[in-house]
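Step one of this worksheet: look at the structure below.
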Amino acid sequence: MAPAFLLTLLLSQSAPSLGQGRAHVEALRSGNLLKTWSQVANLPGQQFTSLAALQKFAAGFRSYGTESKLVSEGLGQRNGVTVYTRVMAVSNWARGVTVDVQMDEHGRLVGAAMNFATREAPTTYGAYRCLVKLRLPLEETWHVLWGGRSYDDNRHASMSDMRFALDLLQRKNGSSAMSSGLTNEDYFAWNQPVVAPADGVIVVADDGVVDNVPNKPVGGNLYGNLLVIDHGTGEFTLLGHLRQGSLQVKAGERVVKGQRLARVGNSGMSTEPHLHFHLMDTGDWKTANGLPLQLTDFVRNGTLVDRAEPRRGDVLTAVAAEASR
Ligand SMILES: [Zn+2]
């Protein structure tokens, strides 16, 4: 058997690889699709009927922004084709996004789909008990918009760093805004003080991102103005979407529990003023894994509790004695 023929035979029998899936995602991301198209234009069962259709899909994919974090990737089989699935955090959306690339037996692209990631990110911290004693990083009473362990309760759950995050806002008579909600000032949460949930050292203090007009988030920056606090226990708090210019602390500064740090804002991928709060295992959210977030000594739905993980729909009140000024 001639070597060239043997090679062809081997290639034709090998299954598509992770590398081929990644290369297709890269081509969609770059928009350089001529090579891809030259390989797939006449394939039977091809989803894209023209180069323009493929380019249109790629433009939609790029509109989610740049990939800020890889959550997971893998190969599977569906209806006789190999599917490369990549779940990622992106710069223009506050939820995980998943892209599926379908490949024939030679690794050529036969179709693609993208969606919001709706599965909980894998975690090894399911039974984790927080070492640091965290208080609500706010004063007074707050409503949990998203929080808990399942994707149904918590739209953050598809992303590894924000796996157990909370979105907190204030509501009166079921509404987070006083009237039309057209301006940030109209929201009860806007400009409320954000306090340190526990002692620690500030490791990230990013300011300078302009607050959005409600319901018109500007892409390109996930958390907007943010603080990350190292609690010295291998646990790090991230506080996001803070008001531009409101940060009262700098990186390297030591802070104490209950100390006012900033104000609630509407920066980054945020549609209305609220506080994003999560705990993670390193100070860099791009590589971190989220930790279950247990608060201690607070009032939940009218009852004093010594330790609990808040969930969607809960009403949380900081205990007055802890709300130091
Ligand atoms: Zn959030």
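Because only heavy atoms are used, hydrogens play no part in the values below, and waters and symmetry mates are left out as well, while side chains stay in.
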side-chain contact (heavy atoms from CB on, under 4.5 Å) evaluation trace for Thr317 with Phe298: CA-CA 6 Å; Thr317 306; Phe298 67 109; over 6 Å; no
For residues 121-128, which side-chain N or O atoms pair as donor and acceptor with protein atoms under 3.5 Å away, sequence neighbours left out?
from: Thr123; atom 1: OG1; to: Tyr125; atom 2: N; distance (Å): 3.0
from: Tyr125; atom 1: OH; to: Asp281; atom 2: OD2; distance (Å): 2.8
from: Tyr128; atom 1: OH; to: Glu235; atom 2: OE2; distance (Å): 2.7

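- No path of Ile, Leu, Val, Met, Phe, Trp and Tyr side chains, each step under 4.5 Å between heavy atoms, connects Tyr187 with Leu166, placing them in separate hydrophobic clusters.
- In terms of modelled atom types and a separation under 3.5 Å, the side chain of Ser246 and the main chain of Arg263 share a donor-acceptor contact.
- Using modelled atom types and a 3.5 Å distance limit, the side chains of Ser179 and Asp186 yield a donor-acceptor pair.
- To the nearest 0.5 Å, atom CE of residue Met178 and atom CG of residue Asn173 are 12.5 Å apart.
- In this structure the side chain of Leu75 reaches within 4.5 angstrom of the side chain of Met103, judged on heavy atoms.
- Here the CZ atom belonging to Arg62 is positioned 8.5 Å from the CD atom belonging to Gln55, to the nearest 0.5 angstrom.
- Residues Glu120 and Ser150 bring no donor and acceptor atom of their side chains to less than 3.5 Å of each other.
- For the pair His274 (side chain) and Leu169 (backbone), a donor-acceptor distance under 3.5 Å is absent.
- Note: the hydrophobic cluster containing Leu275 also contains Leu247 (ILVMFWY, side chain heavy atoms under 4.5 Å, direct or indirect links).
- Between Val201 and Ile229 the shortest side-chain heavy-atom distance does not fall below 4.5 Å.
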Derivation of the side-chain contact (heavy atoms from CB on, under 4.5 Å) call for Gln248 and Gln259: CA-CA 10 Å; Gln248 297 169 244; Gln259 180 181 337; over 6 Å; no
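- Between Leu295 and Pro310, the closest side-chain pair of non-hydrogen atoms falls below 4.5 Å.
- Every side chain to side chain donor-acceptor pair (under 3.5 Å) that Glu73 has, sequence neighbours left out, goes to Arg22, Tyr84, Arg86.
- Proximity of a side-chain donor or acceptor of Arg135 to a complementary backbone N or O of Leu138 within less than 3.5 Å is detected.
- Counted by atom type alone, Arg108 and Gln39 present zero donor-acceptor pairs between their side chains at under 3.5 Å.
- Counting heavy atoms from C-beta outward, Gln20 and His106 have side chains that stay 4.5 Å or more apart.
- Annotation: side chain to side chain donor-acceptor pair (under 3.5 Å) contacts of Thr66 (sequence neighbours excluded): Ser91.
- Side-chain atoms of Thr237 and His231 form a donor-acceptor pair, as typed in the model, at a separation below 3.5 Å.
- Inspection of the Thr85 and Asp100 side chains reveals an N or O donor paired with an N or O acceptor under 3.5 Å.
- Open room surrounds CZ on Arg254; 12 or fewer heavy atoms of other groups in view lie less than 6.0 Å from it.
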From CA spacing to verdict: side-chain contact (heavy atoms from CB on, under 4.5 Å), Tyr151, Trp146: CA-CA 9 Å; Tyr151 182 80; Trp146 295 114; over 6 Å; no
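- The side chain to side chain donor-acceptor pair (under 3.5 Å) check on His276 picks up His156, Asp167, His278, with sequence neighbours excluded.
- Residues passing the ring-ring contact (aromatic ring centres under 6.0 Å, His included) test with Trp142, sequence neighbours excluded: none.
- A 6.0 Å sphere centred on CZ of Arg311 holds no more than 12 heavy atoms belonging to other residues, nucleotides or ligands.
- Expressed to the nearest 0.5 Å, how far CG of Asn191 lies from CG of Asn266 amounts to 12.5 Å.
- Looking at Arg243 and Asn225, their side chains never come closer than 4.5 Å, going by heavy atoms from C-beta outward.
- Met280 belongs to a hydrophobic cluster with Met159, Met162, Val203, Val204, Leu222, Tyr223, Leu226, Val228, Phe236, Leu238, Met269, Trp285, counting contacts under 4.5 Å between side-chain heavy atoms of Ile, Leu, Val, Met, Phe, Trp and Tyr, direct or through other members.
- In this structure, Lys257 contributes its side chain and Gly200 its backbone to no donor-acceptor pair below 3.5 Å.
- When hydrophobic clusters are built by joining Ile, Leu, Val, Met, Phe, Trp and Tyr residues whose side-chain heavy atoms come closer than 4.5 Å, directly or via intermediates, Phe164 is not grouped with Leu279.
- Within the 3.5 Å criterion, the main-chain N or O of Asp284 finds a donor-acceptor partner in the side chain of Thr287.
- Between Val83 and Val101 the shortest side-chain heavy-atom distance does not fall below 4.5 Å.
- The closest side-chain donor-acceptor pair between Asp314 and Asn301 falls under 3.5 angstrom.
- Looking only at side-chain heavy atoms (C-beta outward), Gln170 and Val264 stay at 4.5 Å or farther from each other.
- Expressed to the nearest 0.5 Å, how far NZ of Lys172 lies from OG1 of Thr141 amounts to 9.5 Å.
- The structure places NZ of Lys133 at 12.0 Å from CG of Leu131, a figure rounded to the nearest 0.5 Å.
- In this structure, the separation between CG on Leu227 and NZ on Lys250 is 12.0 Å, given to the nearest 0.5 Å.
- Counting all heavy atoms, side chain and backbone alike, Gly107 lies closest to His24 at O-NE2, 2.7 Å.
- Legend: salt bridge (Lys or Arg N to Asp or Glu O under 4.0 Å) pairs involving residues 192-215, not counting sequence neighbours: none detected.
- With sequence neighbours left out, Arg129 forms a salt bridge (Lys or Arg N to Asp or Glu O under 4.0 Å) with no residue at all.
- Between Leu33 and Leu28 there is a side-chain heavy-atom pair separated by less than 4.5 Å.
- No single ILVMFWY cluster, assembled from side-chain heavy atoms under 4.5 Å apart, contains both Leu18 and Leu70.
- Within the structure, no pair that satisfies the side chain to side chain donor-acceptor pair (under 3.5 Å) test touches residues 212-222, not counting sequence neighbours.
- Judged as a side chain to side chain donor-acceptor pair (under 3.5 Å), and not counting sequence neighbours, the contacts of Arg29 are Glu26, Glu67.
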Hey, can you pull the donor-acceptor pairs under 3.5 Å for the side chains in residues 42-51, sequence neighbours left out?
from: Gln46; atom 1: OE1; to: Phe48; atom 2: N; distance (Å): 3.1
from: Gln46; atom 1: NE2; to: Leu109; atom 2: O; distance (Å): 2.9
from: Gln47; atom 1: OE1; to: Ala112; atom 2: N; distance (Å): 2.7
from: Gln47; atom 1: NE2; to: Ala112; atom 2: O; distance (Å): 3.1
from: Ser50; atom 1: OG; to: Ala52; atom 2: N; distance (Å): 3.4
from: Ser50; atom 1: OG; to: Ala53; atom 2: N; distance (Å): 3.0

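- Among residues two or more places apart in sequence or in another chain, the salt bridge (Lys or Arg N to Asp or Glu O under 4.0 Å) test is passed with Asp152 by none.
- Defined by atom type and a distance below 3.5 Å, a donor-acceptor pair is missing between the side-chain atoms of Asn289 and Arg163.
- Hydrophobic clustering, with ILVMFWY side chains joined whenever heavy atoms are under 4.5 angstrom apart, keeps Val256 apart from Val319.
- Side-chain atoms of Ser68 and Lys286 form no donor-acceptor pair, as typed in the model, at a separation below 3.5 Å.
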Worked verdict on Gln244 versus Ser267 for side-chain contact (heavy atoms from CB on, under 4.5 Å): CA-CA 7 Å; Gln244 183 188 25; Ser267 59; 5.9 Å; no
